[in-house]
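Every number for a ligand or one of its atoms is a count from 1 in the order of the listing. Residues: numbered from 1 along the sequence shown.
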Amino acid sequence: MSRLFLHIEKWRADYGRAFAFTQGNMVVLCLCDFGVAREFCQCKSAEFGRSACLRKNMGILMGYDSIVSSKRKSWALQRKIIAPEFFNDKIKGMVDMMVESVIPVLEKWESQMEEAGGVASVRIDEDLKSLSAEMISKACLGSNYIIGSEIFYKMLVIQDLQSKQQAIVVHNFGCGLSVIVDNCKATLLAGNETTWQEHIRAEVVEILGNQAPNMDKLHKMKLLNMMIYETLRLYSPGPFVMRETSEEMKFGDFVSPKGVNVWLSSLLHQDQANWGDNAQSSIQKGLQMAFLRCARIRICSCLLGPGIHTCVGQNFAMTELKMVLSLVLSKFIFSLSPEHKHLVTYKLFYEPVHGVQLKMEKI
Ligand code: HEM
């Protein structure tokens, strides 16, 4: 985030851990302070809901009155209907469907490895995108899932057009050599430091044996769970969680009048004041700190959405992630391919511009 939203990083350094700015006629209070963030996360007031600008700018993609864009009564009603559909007892019945969907993808990658004589450079992002579209469509639409996948791809086109229309103006406050060097270091490290894989693979193999994953087995995979949280912390899917006040509200010492957009910055996830020296650590170091982090994440987390808006699909998402990763780890050894070009853009979520290319080898 600090690379794409350099202005936020700069304003935080210049004005402190909470500052306000205007964007057009919208007033934004941006919070980068752990203590205040906790209050943001714990706020259960219906007067602190989704902002009007989200509906205005993203309504075409998210719906103008959907669970992700509505407020108060309309949101509460939709949440009450949708949330139970993603409770764990429902997800339990979806695991076989998830395994069935992932097998063809693993077989496709396997044959690419065989054709390349054992080790191949495999582009995985498109396959994973299709896989996740297929799984959520099957979960929601059953046998009509093809329609769901078609809708998903139409939405991607709209997302693309939207992001071009509302291109973020990234102010260059000195993105110099140090930024490039930092990114090279991060990429090299992430590509080569794979000892974490061995630890997690050992856990996965011990729990799975030769059997397919099921819900009970996935629950036992503690290291894998931590690795997913650590990855979400280091590479949050988006830069902010956004709310709008419908009445005067107080966060720490900050009093926000009615109608102000309050943004919680994901810079918090890598803030040394909160995470100490390991704030920017790799997955390997991260795993050593993971227990501490998991505890903090529980206290204040916007990784899967804070407060009453916490992610409805988190059981589904975590099961899907653990299922796919456990199968990949039990079958393949992987690291970043030399062909991988690291460049990230922001289109509603962060996305790799040139995809993700892995060097993969069958175990
Ligand atoms: C790793 C994958 C995922 C991540 C990191 C994630 C993250 C989040 C976050 C941060 C929020 C809160 C946004 C806010 O407070 O404004 C959220 C809300 C939401 N997520 Fe997810 N999500 C994931 C997967 C999913 C999936 C698979 C589904 C659907 C099955 C889903 C459905 C929703 C919905 C409907 C909300 C809105 C909840 C509400 O406002 O009441 N998410 N998610």
Are any of the side-chain heavy atoms of [X] and [Y] separated by less than 4.5 Å?
X	Y	answer
F316	M98	yes
W196	I200	yes
W263	P239	no
M26	V260	no

Determine, step by step, whether F251 and F48 satisfy the ring-ring contact (aromatic ring centres under 6.0 Å, His included) criterion, reporting the C-alpha distance in whole Å, the side-chain angles of both residues, the deciding distance to 0.1 Å, and the verdict. CA-CA 12 Å; F251 300 96; F48 193 47; 5.1 Å; yes

Can you tell which part of [X] has a heavy atom less than 4.0 Å from ligand 1: side chain, backbone, both or neither?
X	value
E320	neither
V241	side chain
P237	side chain
R50	side chain
R79	side chain

Numbering the atoms of ligand 1 from 1, which are under 4.0 Å from a heavy atom of [X]?
X	result
V68	36 (C), 37 (C)
F86	30 (C)
W75	39 (C), 40 (O), 41 (O)
F316	27 (C)

Is the shortest distance from a heavy atom of R243 to ligand 1 less than 4.0 Å?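 Right, R243 reaches ligand 1.
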
Would you sort out whether E247 and K258 count as a salt bridge (charged side-chain N to carboxylate O under 4.0 Å, His left out), showing the intermediate values? CA-CA 4 Å; E247 61 181 20; K258 175 182 169 181; over 6 Å; no

Option set A83, C311, S132, criterion heavy-atom distance to atom 21 (Fe) of ligand 1, minimum: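 Selected option, by shortest heavy-atom distance: C311.
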
Considering I308, I82, I136, I228, which one's heavy-atom position lies nearest to atom 30 (C) of ligand 1?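 Nearest heavy atom to atom 30 (C) of ligand 1 lies in I136.
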
Purely on distance, is any nitrogen or oxygen of T310 under 3.5 Å from one on ligand 1?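 There is no such contact.
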
Please assess K250 against E39 for the test salt bridge (charged side-chain N to carboxylate O under 4.0 Å, His left out), listing each intermediate value before the final yes or no. CA-CA 9 Å; K250 201 165 173 264; E39 289 182 32; over 6 Å; no

Can L128 be reached from L321 by stepping across I, L, V, M, F, W or Y side chains whose heavy atoms are under 4.5 Å apart?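 Same cluster.
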
Between I228 and K322, does a side-chain contact (heavy atoms from CB on, under 4.5 Å) hold up when you go through it step by step? CA-CA 8 Å; I228 293 170; K322 282 165 103 176; 3.6 Å; yes

